[in-house]
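Reading through the structure tokens given below for one structure.
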Amino acid sequence: MIDIKRIRKEPDVIKEALALRNDNPELIDQILALDAKRREWVSQTDMLKAERNALSQQVAKQKAENRAADVSEWVEKSKIIGEQIKSNDEQVTLLESQQQAIVSLLPNIPSEKTPRGADESQNVEIRRWGEPRVFNFEPLPHWDLGPNLNMMDFERASKLSGSRFVVLKNKIAALNRALISFMLDVHTVEHGYTEMNVPHLVKRESMFATGQLPKFEEEAYRTDPDDYFLIPTAEIFLAGMHRDEILSEKDLPLKYVAYSSCYRREAGSYGKDVRGMIRVHQFEKVELVKYCTPETSFDELERLTADAERILQLLELPYRVVSLCTGDLGFGAALTYDLEVWLPSYQKYREISSCSNDTDFQARRANVRYRNAENKMAYVHTLNGSGLAVGRTLVAVLENYQNPDGSITVPKRLVPYMRGTEIIP
RNA sequence: GGAGAGAUGGCCGAGCGGUCUAAGGCGCACGCCUGGAGAGCGUGUUACGCUAACCCCGUACGUGGGUUCAAAUCCCACUCUCUCCGCCA
């Protein structure tokens with residue numbers, strides 16, 4: 001959520017930010033008009049309330065001095081003011097909700113570090129790690145490798161659940177599980193994150209707090225009679241966990257890691273990645289979330305990104321880091337680094353993690369504050385990143401570690417998690 | 001699903017029509033004391049809106065509505081938490 005005070009003070013900055021994100025800057029004028037009107041009503045109504053309070057005081061005082069005192073004049077006057085207040089309050093509430101409706105559609109302001117650009121093509125590569133493997137045979141895509149081993153079943157998945165689902169079997173299922181344990185171990189033991197296991201169903205307001213709602217409702221799965229949402233990422237829980245809380249500065253940064261399934265409708269991605277398990281409705285992800293002070297959040301983002309990169313390095317998967325440009329930035333993010341892993345089937349780097357600094361955007365929505373050194377309240381900054389998307393990591397392992405005979409070499413670090421299996425099958 | 005209890009400040013907890021932002025305690029901050037720390041003593045300490053800032057003023061005792069000149073306090077609905085029973089991995 002963007003601070004309304006900031007919108008009032010520097011509307012042009014916000015408008016420019018919206019334009020950079022290909023969003024509509026006219027929203028700001030609408031908000032300002034509503035805000036001015038609302039403030040006018042509020043101050044009118046405050047004056048009336050002050051007047052009524054004074055009258056009530058007088059009544060109380062009179063009654064205290066003399067129980068039989070005639071206070072009907074005050075009472076009559078107060079009654080009339082009361083009616084006025086009531087209708088004013090209704091007006092204020094209406095204006096408030098109208099204003100709120102628009103403000104909650106505004107995305108976060110990109111940071112100065114975010115490259116300017118209209119779309120994906122103008123994202124900026126920051127660094128590369130590792131060399132894409134040169135195959136001396138024709139490498140297969142994972143949607144052939146898996147089924148050939150009889151360990152990945154797209155047909156059964158779609159028979160039971162429809163398109164964009166996958167069933168893993170046998171050693172590939174085990175490899176998937178190994179990845180999860182491995183990632184959690186690295187982040188907890190080596191990087192100091194606290195492991196969390198979270199509900200996959202959350203209430204509507206939890207989706208609002210992290211910015212999924214109201215704008216992206218069509219992206220989410222919703223349960224009907226109870227209005228629960230299936231989480232599209234564990235971030236919903238981790239970043240919303242401290243809603244309406246006041247944290248102490250000495251506890252910051254808070255670092256959480258959670259493994260969860262993620263559920264996404266993938267509305268509007270009809271032609272994209274229809275083969276394989278790159279884009280499915282249900283996938284698994286290990287998610288990192290931090291809460292920190294505003295002063296440290298950009299440094300913390302560098303560290304969080306490095307933490308996610310560490311997984312790729314330990315698995316010896318070649319990747320690059322890309323800074324998303326303003327036009328490609330997610331709703332709540334001020335700065336985002338995507339990690340892209342090399343996939344032989346695409347002959348391209350493909351997103352496997354997205355690490356963002358949401359600054360105070362989510363903290364305002366979720367009302368997560370802390371007391372700073374001067375004992376003043378301030379909003380925390382929140383960060384999140386995948387560490388990593390498990391399904392896509394599995395794909396990357398299968399494709400990059402494939403052998404000419406269709407078998408898969410298990411990455412060294414995963415062997416202990418596979419009870420010693422070095423080659424699949 | 002059935003029965004009951006509850007929701008008050010950073011936390012615990014009192015208040016059950018006006019003098020209540022709200023006793024008391026804990027915590028926190030500052031001061032005194034101390035070689036230092038602790039204990040003890042003293043002072044201060046809700047947030048938000050409005051404001052350049054302060055003061056004033058307004059709002060807020062789970063949420064929404066109602067009664068009243070006036071609601072933390074009375075009434076209604078809802079949400080959530082807890083206890084017991086039922087069902088259940």
Side-chain angles (χ1 to χ4, degrees), chain A residues 1-11 31-32 34-101 103-104 197-209 213 223 225-229 237 240-252 254 261 291 293 360 363-380:
Chain A
M1 194 95 73
I2 306 292
D3 187 2
I4 183 66
K5 283 186 191 161
R6 184 153 180 215
I7 299 176
R8 281 204 290 263
K9 256 182 219 150
E10 37 193 39
I31 291 167
L32 288 174
L34 276 168
D35 187 52
K37 210 162 143 191
R38 195 197 98 243
R39 280 152 58 90
E40 179 62 34
W41 281 91
V42 166
S43 74
Q44 286 290 330
T45 309
D46 277 2
M47 272 155 55
L48 289 172
K49 284 177 178 170
E51 207 176 317
R52 182 181 63 180
N53 288 347
L55 284 168
S56 284
Q57 292 285 335
Q58 280 176 317
V59 171
K61 214 164 144 192
Q62 285 288 317
K63 288 278 185 191
E65 281 170 15
N66 173 12
R67 295 191 55 153
D70 179 16
V71 292
S72 60
E73 200 187 320
W74 313 126
V75 168
E76 209 42 49
K77 214 166 164 185
S78 185
K79 212 169 189 171
I80 292 164
I81 295 172
E83 277 159 27
Q84 187 62 248
I85 288 172
K86 199 179 163 189
S87 84
N88 279 21
D89 273 341
E90 279 165 20
Q91 184 66 23
V92 169
T93 309
L94 179 71
L95 290 167
E96 255 168 16
S97 67
Q98 287 173 351
Q99 184 178 325
Q100 180 69 7
V103 174
S104 60
N197 192 295
V198 301
H200 294 190
L201 291 169
V202 296
K203 294 186 284 186
R204 181 171 280 274
E205 63 244 50
S206 309
M207 294 284 279
F208 178 86
L213 293 181
T223 69
D226 301 311
D227 207 36
Y228 278 126
F229 287 83
F237 202 94
M241 204 158 59
H242 294 296
R243 171 145 47 99
D244 296 323
E245 291 181 22
I246 297 165
L247 308 172
S248 355
E249 183 162 9
K250 66 177 193 303
D251 295 333
L252 300 176
L254 290 170
S261 293
Y291 296 76
T293 63
D360 61 358
R364 283 179 188 282
R365 289 181 164 243
N367 191 32
V368 185
R369 294 172 296 172
Y370 77 105
R371 235 173 249 286
N372 66 20
E374 292 102 58
N375 218 27
K376 287 270 217 174
M377 293 283 214
Y379 289 102
V380 298

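Nothing here was measured: the structure is a model prediction, and the numbers come from that model. To find a chain, count down the sequence lines: A is the first, B the second, and so on, and within it residues start at 1.
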Please report the distance, rounded to the nearest Å, between [atom1] in [X] and [atom2] in [N].
{"X": "A:Lys49", "N": "B:A70", "atom1": "NZ", "atom2": "P", "result": "12 Å"}
{"X": "A:Arg369", "N": "B:G10", "atom1": "CZ", "atom2": "P", "result": "8 Å"}
{"X": "A:Ile85", "N": "B:C57", "atom1": "CD1", "atom2": "P", "result": "16 Å"}
{"X": "A:Lys77", "N": "B:A70", "atom1": "NZ", "atom2": "P", "result": "16 Å"}
{"X": "A:Leu48", "N": "B:C69", "atom1": "CG", "atom2": "P", "result": "17 Å"}
{"X": "A:Asp89", "N": "B:A71", "atom1": "CG", "atom2": "P", "result": "12 Å"}
{"X": "A:Asp244", "N": "B:A47", "atom1": "CG", "atom2": "P", "result": "16 Å"}
{"X": "A:Ile4", "N": "B:G49", "atom1": "CD1", "atom2": "P", "result": "12 Å"}

Identity of whatever pairs with [N] - Watson-Crick or G-U, under 3.5 angstrom:
{"N": "B:U59", "answer": "B:A47"}
{"N": "B:A14", "answer": "none"}
{"N": "B:C30", "answer": "B:G42"}
{"N": "B:G4", "answer": "B:C82"}
{"N": "B:C74", "answer": "B:G66"}
{"N": "B:A37", "answer": "none"}

Say we look at [N] and [M]: how far apart would their [atom1] atoms be, to the nearest angstrom?
{"N": "B:G9", "M": "B:G17", "atom1": "C1'", "answer": "22 Å"}
{"N": "B:G66", "M": "B:A71", "atom1": "C1'", "answer": "11 Å"}
{"N": "B:G6", "M": "B:C57", "atom1": "P", "answer": "36 Å"}
{"N": "B:G18", "M": "B:A29", "atom1": "P", "answer": "37 Å"}
{"N": "B:U73", "M": "B:G62", "atom1": "P", "answer": "8 Å"}
{"N": "B:A72", "M": "B:C16", "atom1": "P", "answer": "14 Å"}
{"N": "B:A23", "M": "B:C76", "atom1": "P", "answer": "30 Å"}
{"N": "B:C54", "M": "B:A70", "atom1": "C1'", "answer": "30 Å"}

Taking for each residue the nucleotide of RNA chain B with the nearest heavy atom, is it A:Arg52 or A:Lys203 whose nucleotide lies nearer the 5' end? A:Arg52
More 5' along RNA chain B: A:Asp3 or A:Ile246, using each one's nearest nucleotide? A:Ile246
A:Val59 side chain, from C-beta outward: closest of B:C48, B:C69, B:U59: B:C69
Reckon [X] has a side-chain N or O less than 4.0 Å from the OP1 or OP2 of [N]?
{"X": "A:Asn53", "N": "B:A70", "result": "no"}
{"X": "A:Arg39", "N": "B:G49", "result": "no"}
{"X": "A:Lys86", "N": "B:G66", "result": "yes"}

Categorize [X] for me: base, sugar-phosphate, or nothing, with a 4.0 angstrom heavy-atom threshold over every strand shown.
{"X": "A:Arg38", "answer": "nothing"}
{"X": "A:Lys5", "answer": "sugar-phosphate"}
{"X": "A:Arg8", "answer": "sugar-phosphate"}

How about [X]: does its [atom1] atom have over 12 heavy atoms from other parts shown lying under 6.0 Å from it?
{"X": "A:Asp244", "atom1": "CG", "answer": "yes"}
{"X": "A:Glu73", "atom1": "CD", "answer": "no"}
{"X": "A:Phe208", "atom1": "CZ", "answer": "yes"}

Using every non-hydrogen atom in the two residues, find where [X] and [Y] come nearest and quote the distance to one decimal.
{"X": "A:Pro199", "Y": "A:Phe237", "value": "CD-CE1, 3.4 Å"}
{"X": "A:Lys203", "Y": "A:Phe229", "value": "C-CD1, 4.5 Å"}
{"X": "A:Glu245", "Y": "A:Met241", "value": "OE2-O, 3.5 Å"}

Does the side chain of A:Ser104 pick up a donor-acceptor pair with the side chain of A:Arg365 at under 3.5 Å? no
